[in-house]
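Take a look at the structure below.
Everything numeric here is computed off the predicted structure, so don't read it as measured data. Residue numbers count from 1 along this sequence.
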Amino acid sequence: MDAVDAVYDPWSAEFVADPYPAYAELRAAGRAHWHAPTRQWLIPHHEDVSALLRDRRLGRTYTHRFTHEEFGREAPDAAYEPFHTLNDHGLLDLEAADHSRIRRLVSKAFTPRTVENLAPTVRRLAADLVGGLVADGGGDLLARVAEPLPVAVIAEMLGVPAEDEERARLRPWSAAICGMFELNPSEETARRAVEASVEFSDYLRELIARRRKSPGDDLISSLVAVEEPTEQEMISTCVLLLNAGHEATVNTTVNGWWTLLREGVRPDPEKLSTAVEELLRYDTPLQMFERWVLDDIELGGVTLPRGSEVALLFGSANRDPARFGPTADVLDLERADNPHVTFGAGIHYCLGAPLARLELTAVFGELLRQAPGLRLAAEPVWKPGYVIRGFEELLVEV
């Protein structure tokens, strides 16, 4: 146990900057490791992570089967109730019939045809944002390009009017709420998440009321029209779509360009989709995904008991030589066989994966076209968070 604690230190700046050597040690040491500081079972192998994502003996929640007492857990702190109400009614944390019901309704907004219809808008936005960065000779790639693109796309899909002053608060709200997904969040992190949960929910409640009176061609209007989800389910789903719908794109854009600039390589524009998949694998923006053990699971001679929590190490799985061969730690922008787990698997597979791929392909393509001489202007600093891993900023020059 002490050896695992020494290797896996998600609060260490050095670990966050480069967790991959630690992952290699965990994979070499076994299939499941108890980590006392987080009270989680660490799962580092690709085969196990991929299988457990599909295993119904695990769940994002347990309240559809057990009370907190039956599961050996304490009820959430009442002071954090606004966050938990918002989080627990979202698609990501729903299970069984409720998950299937909401996913069926929301999935209509992410069909291949719908995403393809968004392509001209996404490409125009990407071209404009990159054009602005180039015109200024550079700047913060995170704030100028990576963040605005997916937030604008999701806002359009939801039907958030451009004139609403709250539109500028979508990203700060999301960042505050996502802080609660880190390991052992602080009291201040929880306070900000609760505050953002209340403000975001109040705004969406008012926007839903507007769409009931005057529907438009957007996701909120379509959910209002079917009258099937509850208002809280609609609010929670909209927040989840914003949070999940841009975090992967933002951090893959920034982490990916840092990798390209550090390695001194550029993707072939004709093989950009393949390169994007490799960047998603090589330095995945979501390093770890948590699940509850609903029934005992035996893994490599170790029993994961009901009531415990597992940490599925996506970053480790995506660098596992058992699946990706001896070049698992090598950036190969033409890697053909690339079954990374960045978007998850099973019933909780990322609904917005096709949209994320469209956005990433568009923004990487525009940067290659408009800024072929892009270079780092300063060494970036990693944010302290480990679960959703990215930089504070990425200053570049054109």
Practice problem: Verify side-chain contact (heavy atoms from CB on, under 4.5 Å) between Leu142 and Phe391, making sure each step is shown before the conclusion. | Solution: CA-CA 8 Å; Leu142 174 68; Phe391 290 113; 5.8 Å; no
Quiz item: Going through the checks in order, is the side-chain contact (heavy atoms from CB on, under 4.5 Å) test met by Leu367 and Leu141?
Solution: CA-CA 10 Å; Leu367 283 163; Leu141 186 65; 4.0 Å; yes
Quiz prompt | Cluster companions of Val381 among Ile, Leu, Val, Met, Phe, Trp, Tyr (side-chain spacing under 4.5 Å) | solution = none
Practice problem: Measure across Tyr20 and Tyr282 and return the closest heavy-atom pair with its distance rounded to 0.1 Å. | Solution: OH-O, 3.5 Å
Self-check item: Cationic tip of Arg103 above Phe110 ring, under 6.0 Å, 45° of axis
Solution: no
Practice problem: List the atom of Ala36, the atom of Asp5, and the distance in Å for their closest heavy-atom pair. | Solution: N-OD1, 3.8 Å
Quiz prompt | His99 and His348 aromatic ring geometry - parallel, tilted or perpendicular at 30°/60° bounds | solution = perpendicular
Practice problem: Might you point out which heavy atoms bring Met234 and Leu223 nearest each other, and give the distance in Å? | Solution: SD-CB, 3.6 Å
Self-check item: Stepwise side-chain contact (heavy atoms from CB on, under 4.5 Å) check, Leu394 with Leu376
Solution: CA-CA 8 Å; Leu394 190 71; Leu376 281 177; 3.7 Å; yes
Exercise. Any chance you could measure Asn87, atom CG, to Asp93, atom CG, to the nearest 0.5 Å?
Key: 4.5 Å
Exercise. Could you tell me whether Tyr8 and His33 have their ring centroids closer than 6.0 angstrom?
Key: no
Exercise. Mind checking side chain to side chain donor-acceptor pair (under 3.5 Å) for Tyr23 and listing every partner two or more places apart, or none if nothing turns up?
Key: Gln287, Tyr386
Quiz item: Counting distance only, does the side-chain N/O of Glu182 pair as donor-acceptor with the main-chain N or O of Val387 below 3.5 Å?
Solution: yes
Quiz item: Any ion pair linking Arg27 and Asp48 (charged N to carboxylate O, less than 4.0 Å)?
Solution: no
Quiz item: Looking at Asn318 and Val341, what are the two nearest heavy atoms and their distance?
Solution: OD1-N, 2.9 Å
Practice problem: To the nearest 0.5 Å, tell me how far Cys238 SG sits from Leu91 CG. | Solution: 11.5 Å
Exercise. Please step through side-chain hydrogen bond (donor to acceptor under 3.5 Å, both in side chains) for the pair Ser50 and Arg54, ending with a clear verdict.
Key: CA-CA 7 Å; Ser50 182; Arg54 298 170 170 84; 2.6 Å; yes
Quiz prompt | N-O pairing of Arg192 and Glu195 below 4.0 Å | solution = no
Quiz item: In terms of side-chain geometry, is the basic nitrogen of Glu166 or Arg169 positioned less than 4.0 Å from the acidic oxygen of its partner?
Solution: no
Exercise. State, with a plain yes or no, whether a side-chain heavy atom of Pro172 is found less than 4.5 Å away from one of Phe200.
Key: no
Practice problem: Give, for atom CG of Asp296 and atom OG of Ser308, the distance between the pair rounded to the nearest 0.5 Å. | Solution: 8.0 Å
Quiz item: So which residues get pulled into Leu395's cluster when ILVMFWY side chains under 4.5 Å apart are joined, directly or through others?
Solution: none
Quiz item: Rounded to the nearest 0.5 Å, how far apart are CD1 of Ile154 and CG of Leu170?
Solution: 10.5 Å
Exercise. For Ser221 and Gly216, work out which heavy atoms get closest and say how close.
Key: OG-N, 2.8 Å
Quiz prompt | Residues that Glu187 engages under side chain to side chain donor-acceptor pair (under 3.5 Å), provided they are two or more places apart | solution = Tyr80
Quiz prompt | Main-chain N/O of Gln232 paired to Ser236 side chain as donor or acceptor, under 3.5 Å | solution = yes
Quiz item: What pairs with Glu309 under side chain to side chain donor-acceptor pair (under 3.5 Å), at least two apart in sequence or on another chain?
Solution: Gln40
Quiz item: Between Glu278 and Asp332, is there a donor-acceptor pair closer than 3.5 Å when you use the side chain of the first and the backbone of the second?
Solution: yes
Self-check item: Residue pair Val145, Glu366: steps toward the side-chain contact (heavy atoms from CB on, under 4.5 Å) verdict
Solution: CA-CA 11 Å; Val145 177; Glu366 285 300 326; over 6 Å; no
Practice problem: Would you please name every residue forming a ring pair (Phe, Tyr, Trp, His ring centres under 6.0 Å) with Tyr62, sequence neighbours left out? | Solution: His68, Phe71, Trp292
Practice problem: Could you please spell out the steps behind the salt bridge (Lys or Arg N to Asp or Glu O under 4.0 Å) verdict for Arg281 and Asp320? | Solution: CA-CA 11 Å; Arg281 179 201 73 87; Asp320 188 352; over 6 Å; no
Practice problem: Answer yes or no: is there a donor N or O on one side and an acceptor on the other, between the side chain of Ser12 and the main chain of Phe15, under 3.5 Å? | Solution: yes
Quiz item: Taking only residues two or more places apart in sequence or in another chain, which ones pass salt bridge (charged side-chain N to carboxylate O under 4.0 Å, His left out) with Glu233?
Solution: Arg101
Quiz item: Nearest 0.5 Å, what's the CG-CG distance between Leu374 and Leu260?
Solution: 9.5 Å
Self-check item: Heavy-atom closest contact (Glu277 atom, His340 atom, distance)
Solution: OE1-NE2, 2.7 Å
Exercise. Output every pair passing side-chain hydrogen bond (donor to acceptor under 3.5 Å, both in side chains) with a member in residues 153-165, not counting sequence neighbours, ordered by first then second residue.
Key: Glu156-Arg167, Asp164-Tyr203, Asp164-Arg210
Quiz prompt | Test salt bridge (charged side-chain N to carboxylate O under 4.0 Å, His left out) applied to Asp218 - qualifying residues, sequence neighbours left out | solution = Arg211
Exercise. Only pairs at least two apart or in different chains count here, so list each side-chain hydrogen bond (donor to acceptor under 3.5 Å, both in side chains) that has a residue in residues 122-137.
Key: Asp136-Arg144
Quiz item: Which of these passes side-chain contact (heavy atoms from CB on, under 4.5 Å) with Ile220: Ile235, Val160, Leu204?
Solution: Leu204
Quiz item: By salt bridge (charged side-chain N to carboxylate O under 4.0 Å, His left out), which residues pair with Glu70, not counting sequence neighbours?
Solution: none
Practice problem: Find the distance between CG (Leu58) and CG (Leu53) and round it off to the nearest 0.5 Å. | Solution: 8.5 Å
Quiz item: What side-chain hydrogen bond (donor to acceptor under 3.5 Å, both in side chains) pairs are there with at least one residue in residues 255-264, not counting sequence neighbours?
Solution: none
Quiz prompt | Lys/Arg-Asp/Glu bridge criterion (N-O < 4.0 Å) met for Glu116, Arg113 | solution = no
Exercise. Check the pair Glu334, Lys271 against salt bridge (Lys or Arg N to Asp or Glu O under 4.0 Å), reporting the backbone distance first and the verdict last.
Key: CA-CA 7 Å; Glu334 296 188 8; Lys271 301 177 181 179; 3.4 Å; yes
